Number of protein chains: 2
Amino acid sequence: MGREAAPAEREAIDPGDSASPDRSLRADAVRNRERLLVAAAAAFAAGGADVPLEDIARSAGVGIGTLYRHFPTRDALVEAVYRHEVDVLCERADELLTTLPPDQALAEWLQLFVRHVATKRGMLSALKSMMGADTSLFEQSRARAAAAATKLLAAGAAAGTVRGDIQGADLLRAVGGICMSTDQERSEASERLVGLLFDGLRHGAVAASPTAVTASSVSNISG
Amino acid sequence: MGREAAPAEREAIDPGDSASPDRSLRADAVRNRERLLVAAAAAFAAGGADVPLEDIARSAGVGIGTLYRHFPTRDALVEAVYRHEVDVLCERADELLTTLPPDQALAEWLQLFVRHVATKRGMLSALKSMMGADTSLFEQSRARAAAAATKLLAAGAAAGTVRGDIQGADLLRAVGGICMSTDQERSEASERLVGLLFDGLRHGAVAASPTAVTASSVSNISG
DNA sequence: GACTAAACGGAGGTAGCCTCCGTATACTAC
DNA sequence: GTAGTATACGGAGGCTACCTCCGTTTAGTC
């Protein structure tokens, strides 16, 4: 009984995650937290949800005590990894908008999203057990991703290179559906299909964009 | 990684469970196996899926070695408990048919089924993790329960006390739906509603039955 | 009653979980 | 720059669950 139930109650650390990444957290603490999230993401994606936490701490280059200070329970770590991945995805949307034309930014971001979903599959069994406990987590994450998608779509529509009658949430639903329907391991099929979808987004644009999108012109859509 | 993955591969014991409960199993082995299943069912239903196996062995009055001999993995135990519960349920159908008039037997059995589903809720998290791996388990169990229901229905129809145009599978689907829709803890609501359903089954019978069914005449169907 | 194959039981090795506290370090004030 | 302090680190160690192995017991057979 005492195996992973006892210490669940404890003050959650929760430094706000992405909104205010560190509220008076010391610099080394921020760094270690980030390292842990990266290492945990890799471990969960690769080895499933029951990786020893000691392994994660070691591969992050920190002690086990540090891991437990930041994430008192396994679930806390899983949730933080999930949130973090969504954070990174949403941040990339803004970055891409500053470095690329809106339509290319959208295309790139959709491919990132495909890979994001593929990575999540590894942690699925861990997340599954939290579905009942914390439904708001998933709703929030979906809303944030949809907001990022909407932003990219709006930029493309404003530039006249992407049609303007598509909602971010609908787009993500379509992309998510594609990811779910295609095979587990090979995400190339998903990437191709999403590229195809993106071509559809450009098709109804006010002005045709001259920029070429790599993944969208592939001929082999066998599945 | 080695926490519960390593010893999963091993010759399954599988003495056939209900079809031939013990194929040349020694008497004490049969007895202990049964005890373990009962203790495990109680433990899973009460404490969730992560009860220490040592506790189950102790409350069954056997050594941990005996538990592992019968059920090499935790999943094997969970699956066996599930199968066993379905076995017991189906056996009770036959028993009830020999001791009660068919319509009463059916009414009693439906109430047993309600309690069966309520008990399963406790092990849900354990079963959930096996859903992907072993879908045939659930299909087989549903088919067997449906067969038992069909048998009871047929007996009632032959006696003229239950209408004859209902399939066992459909009946179970309805009862299962009732169980799922009503609240977790209090299964009384389910029992009342299933009683109501049963009254409907009698309503279209060839000849009205004189036997009274307790749970069916309750007036308060608020929940 | 004697024999043997089958089954029991639990000690003990292994490993993951989590805590605790001495040590190290980032920030602050001067 | 230096001193002081709150904050964070790290990992040894205790606890517990998992699982195996093998000496002991017992059911079934002749």
Side-chain angles (χ1 to χ4, degrees), chain A residues 1-15 21-37 39-40 43-44 47-78 126 129, chain B residues 1-15 21-37 39-40 43-44 47-78 126 129:
Chain A
M1 189 179 288
R3 186 152 137 251
E4 61 190 68
E9 305 304 345
R10 196 198 251 201
E11 273 185 281
I13 287 184
D14 187 17
D22 44 324
R23 180 166 48 199
S24 76
L25 259 191
R26 242 170 60 173
D28 52 349
V30 174
R31 184 178 355 106
N32 283 336
R33 192 183 146 84
E34 185 80 10
R35 278 188 191 167
L36 280 167
L37 287 173
F44 288 149
D50 49 359
V51 186
L53 297 181
E54 249 114 3
D55 285 2
I56 292 176
R58 197 178 320 118
S59 77
V62 307
I64 186 65
T66 299
L67 187 151
Y68 275 98
R69 194 171 322 102
H70 284 292
F71 311 104
T73 67
R74 192 181 205 94
D75 278 0
L77 178 59
V78 171
S129 68
Chain B
M1 191 180 286
R3 183 150 139 252
E4 57 191 68
E9 305 303 347
R10 198 199 248 200
E11 273 186 281
I13 287 184
D14 186 18
D22 45 324
R23 181 166 48 200
S24 76
L25 258 191
R26 243 170 60 173
D28 52 350
V30 174
R31 184 177 356 106
N32 283 337
R33 191 183 147 84
E34 185 80 10
R35 277 186 189 169
L36 280 167
L37 287 174
F44 287 150
D50 49 0
V51 186
L53 297 181
E54 249 115 1
D55 286 3
I56 292 176
R58 197 178 320 118
S59 77
V62 306
I64 186 65
T66 300
L67 187 151
Y68 275 97
R69 196 171 320 103
H70 285 291
F71 310 104
T73 66
R74 192 181 204 94
D75 278 0
L77 179 58
V78 171
S129 68

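Protein chains get the first letters and strands the later ones, always in sequence-line order, with residue 1 at the start of each. Note that this is a predicted model, so its numbers are computed, not measured.
- The side chain of B:L53 sits closest to D:dC18 out of C:dT19, C:dC8, D:dC18.
- Between A:I64 atom CD1 and D:dA8 atom P there is a gap of 18 Å when expressed in whole angstrom units.
- Side-chain atoms of B:V62 lie closest to C:dG9 of the nucleotides C:dG9, C:dG16, D:dG10.
- Taking atom CG on B:L77 and atom P on D:dC18, their separation rounds to 11 Å, with Å as the unit.
- Heavy atoms only, all atoms of each residue included: B:R74 and B:D50 are closest at NH2-C, 3.2 Å.
- One atom, CG of B:L67, and another, C1' of D:dA17, lie 13 Å apart when rounded to the nearest Å.
- Mapped onto DNA chain C by nearest heavy atom, B:E54 and B:N32 fall at different nucleotides, with B:N32 at the one closer to the 5' end.
- Between the CZ atom of A:F71 and the C1' atom of C:dT19 there is a distance of 18 Å, rounded to whole Å.
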(Q) Apply side chain to side chain contact (heavy atoms under 4.5 Å, CB included) to residues A:F44 and A:I56 and explain how you reach the verdict. (A) CA-CA 9 Å; A:F44 288 149; A:I56 292 176; 4.1 Å; yes

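- The heavy-atom pair separating B:L36 from B:A57 by the smallest distance is CD2-CA, 4.2 Å.
- Put simply, the side chain of A:R69 reaches to within 4.5 Å of the side chain of A:T66, judged on heavy atoms.
- Under 4.0 angstrom from either OP1 or OP2 of C:dC8 there lies at least one side-chain N or O belonging to B:H70.
- Dashed line: the shortest gap from a side-chain N or O of B:T66 to OP1 or OP2 of C:dA7 is not under 4.0 Å.
- The residues B:D28 and B:R31 are annotated as not salt-bridged, no charged nitrogen and carboxylate oxygen being separated by less than 4.0 angstrom.
- Atom-to-atom, OH of A:Y68 to C1' of D:dC15 comes out at 12 Å; the value is rounded to the nearest Å.
- At whole-Å resolution of the value, CG in B:D75 and C1' in D:dC18 are 14 Å apart.
- A 4.5 Å side-chain heavy-atom check between B:V30 and B:R33 finds every atom pair outside the cut-off.
- Side-chain contact between A:Y68 and A:L77 is absent, with no heavy atoms from C-beta onward closer than 4.5 Å.
- In this structure, CG of B:D50 is placed 18 Å from P of C:dG16, rounded to the nearest angstrom.
- Computed from coordinates, the A:R74 CZ to C:dC17 C1' distance equals 9 Å when rounded to whole Å.
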Given protein heavy atoms under 4.0 Å, the one-letter contact record of nucleotides 20-30 of chain C, with B base, S sugar-phosphate only and - none, is simply -----BSS---

